[in-house]
Amino acid sequence: MKSVPGFWDKIWRADVLERVLASAETIALVHHDGAVLVGFACAHDVGFRAYLSALVVSPASQGRGVGTHLLAELERRLAARGCAVAIADVWRDAEDFYRSQGWAPPAVVLLRKRLAAGRQEGTA
Ligand SMILES: CC(C)(COP(=O)(O)OP(=O)(O)OC[C@H]1O[C@@H](n2cnc3c(N)ncnc32)[C@H](O)[C@@H]1OP(=O)(O)O)[C@@H](O)C(=O)NCCC(=O)NCCS
């Protein structure tokens, strides 16, 4: 994730990956090229729908079908669990990739709110 310029978000907690993997109902996949991890994807079955939270392929391995394979396998596993809909907030640069895999804009609006992360009850 850190090999892709701009992908790693500094607002994420230091243990973000541990949290992702420990989160209930997470499906996480990696793609290896020998001993080198070149792709990562994860999604979360949150009941009403599934949320695709990460799909990334290292720059040196992009364009070789790794992303297609990881996304298809995530979709297969979610469908096997009975998930009928998956959503994702995707990079604009990657929009055409997702569209080529059958993804399309839903008839809803995506909103976001920045939270006061780290400020706990009783602190300023
Ligand atoms: C987007 C990404 C996951 C695609 O994975 P990949 O392994 O490079 O993709 P594939 O090799 O499976 O490509 C499948 C097809 O999509 C095309 N494609 C790949 N990335 C694309 C992009 N960003 N925009 C448009 N088309 C793209 C490929 O050219 C290929 O087309 P073809 O079948 O006609 O040859 C990967 O390029 C990546 O990690 N990019 C940087 C991070 C990112 O954008 N992640 C998604 C954030 S939501």
Side-chain angles (χ1 to χ4, degrees):
M1 296 173 96
K2 288 180 175 170
S3 73
V4 174
F7 195 89
W8 192 264
D9 195 329
K10 63 182 186 312
I11 68 169
W12 290 341
R13 288 165 287 189
D15 61 348
V16 63
L17 283 174
E18 287 85 350
R19 288 174 179 270
V20 166
L21 298 176
S23 169
E25 314 298 344
T26 291
I27 299 172
L29 305 172
V30 292
H31 189 99
H32 290 272
D33 186 356
V36 183
L37 196 161
V38 300
F40 173 70
C42 65
H44 316 272
D45 178 351
V46 287
F48 287 118
R49 56 189 70 84
Y51 173 59
L52 172 70
S53 65
L55 172 63
V56 60
V57 177
S58 67
S61 297
Q62 289 176 11
R64 296 184 194 165
V66 174
T68 300
H69 181 66
L70 285 171
L71 187 56
E73 182 60 18
L74 269 185
E75 292 174 11
R76 192 190 67 74
R77 294 190 189 200
L78 289 168
R81 297 173 60 105
C83 282
V85 178
I87 60 165
D89 46 324
V90 308
W91 277 12
R92 287 188 202 286
D93 287 354
E95 180 181 347
D96 287 347
F97 166 77
Y98 281 91
R99 285 183 183 265
S100 75
Q101 307 301 313
W103 288 63
V108 298
V109 175
L110 175 67
L111 299 180
R112 180 178 69 180
K113 182 177 182 181
R114 297 274 185 190
L115 304 177
R119 214 188 296 160
Q120 292 173 353
E121 220 173 303
T123 63

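Values below: every heavy atom of this structure, side chains too, minus hydrogens, waters and symmetry copies. In this text, all values refer to a predicted model and were calculated from it rather than measured experimentally. Order of listing sets the numbers, starting from 1, for every ligand and every atom in it.
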Review point. Is the distance between the ring centroids of W91 and F7 less than 6.0 Å?
Key: yes

Practice item. Evaluate whether atom CZ of R13 has more than 12 neighbouring non-hydrogen atoms of other residues, nucleotides or ligands under 6.0 angstrom away. Key: no

Check your understanding: Can you check whether R77 reaches L29 side chain to side chain, under 4.5 Å on heavy atoms?
Key -> yes

Review point. Just which atoms of ligand 1 are under 4.0 Å from any heavy atom in A94?
Key: 23 (N), 44 (O), 46 (C)

Review point. Counting each atom of ligand 1 from 1 as listed, which ones have a heavy atom of G65 under 4.0 Å away?
Key: 10 (P), 11 (O), 12 (O)

Check your understanding: Any protein heavy atom sitting closer than 4.0 Å to atom 32 (P) of ligand 1?
Key -> no

Review point. Short check: is a protein heavy atom less than 4.0 Å from atom 28 (C) of ligand 1?
Key: no

Study note, to complete from the structure: Near G63 (heavy-atom distance under 4.0 Å), the atoms of ligand 1 are 6 (P), 7 (O), 8 (O), 11 (O)

Practice item. Would you mind telling me if ligand 1 is within reach of the side chain of L55, the backbone, both or neither, using heavy atoms under 4.0 Å? Key: both

**Study point:** Under-4.0 Å heavy-atom contact with ligand 1, by part of H69 that carries it
**Key:** neither

Study note, to complete from the structure: Looking at Y98, F40, F97, W91, the heavy atom closest to atom 16 (O) of ligand 1 belongs to F97

Exercise for review: Please say whether R64 places an N or O atom under 3.5 Å from an N or O atom belonging to ligand 1.
Suggested key: yes

Study note, to complete from the structure: Shortest non-hydrogen pair, A28 vs L21, comes out as CB-CD2, 3.5 Å

Study note, to complete from the structure: Quick note on ligand 1: atoms under 4.0 Å from a heavy atom of D93 include exactly 22 (C), 23 (N), 24 (N)

Check your understanding: Looking at atom 2 (C) of ligand 1, is any protein heavy atom nearer than 4.0 Å to it?
Key -> no

Review point. Taking all non-hydrogen atoms of both residues, which atom of F97 and which atom of G67 are closest, and how far apart?
Key: CZ-C, 3.7 Å

Practice item. Note the single closest protein heavy atom to atom 39 (O) of ligand 1, along with its residue, its atom name and the distance in Å. Key: V57 N, 2.7 Å

Check your understanding: Y51 and D45: side-chain donor and acceptor closer than 3.5 Å?
Key -> no

Review point. What do the steps show when you test E95 against D93 for side chain to side chain contact (heavy atoms under 4.5 Å, CB included), and what is the final call?
Key: CA-CA 6 Å; E95 180 181 347; D93 287 354; over 6 Å; no

**Study point:** Nearest protein heavy atom with distance in Å, relative to atom 40 (N) of ligand 1
**Key:** Q62 NE2, 3.4 Å

Practice item. Find all atoms of ligand 1 within a distance of less than 4.0 Å from any non-hydrogen atom belonging to V56, and give their numbers and elements. Key: 39 (O)

Exercise for review: Search all heavy atoms of R114 against all heavy atoms of I11 and return the closest pair with its distance.
Suggested key: NH1-CD1, 3.0 Å

**Study point:** Closer than 4.0 Å: a protein non-hydrogen atom to atom 35 (O) of ligand 1
**Key:** no

Review point. Among protein heavy atoms, which lies nearest atom 5 (O) of ligand 1, and at what distance?
Key: G67 CA, 3.4 Å

Point to revise | Electrostatic pair E73:R76 at N-O distance under 4.0 angstrom | key: yes

Exercise for review: Decide yes or no for R19 and W12: does some side-chain heavy atom of the first lie under 4.5 Å from some side-chain heavy atom of the second?
Suggested key: no

Practice item. Could you check if a side-chain atom of L71 sits within less than 4.5 angstrom of a side-chain atom of L52, using non-hydrogen atoms only? Key: yes

Point to revise | Selected option - heavy-atom contact closest to atom 12 (O) of ligand 1, from V90, D96, T68 | key: T68

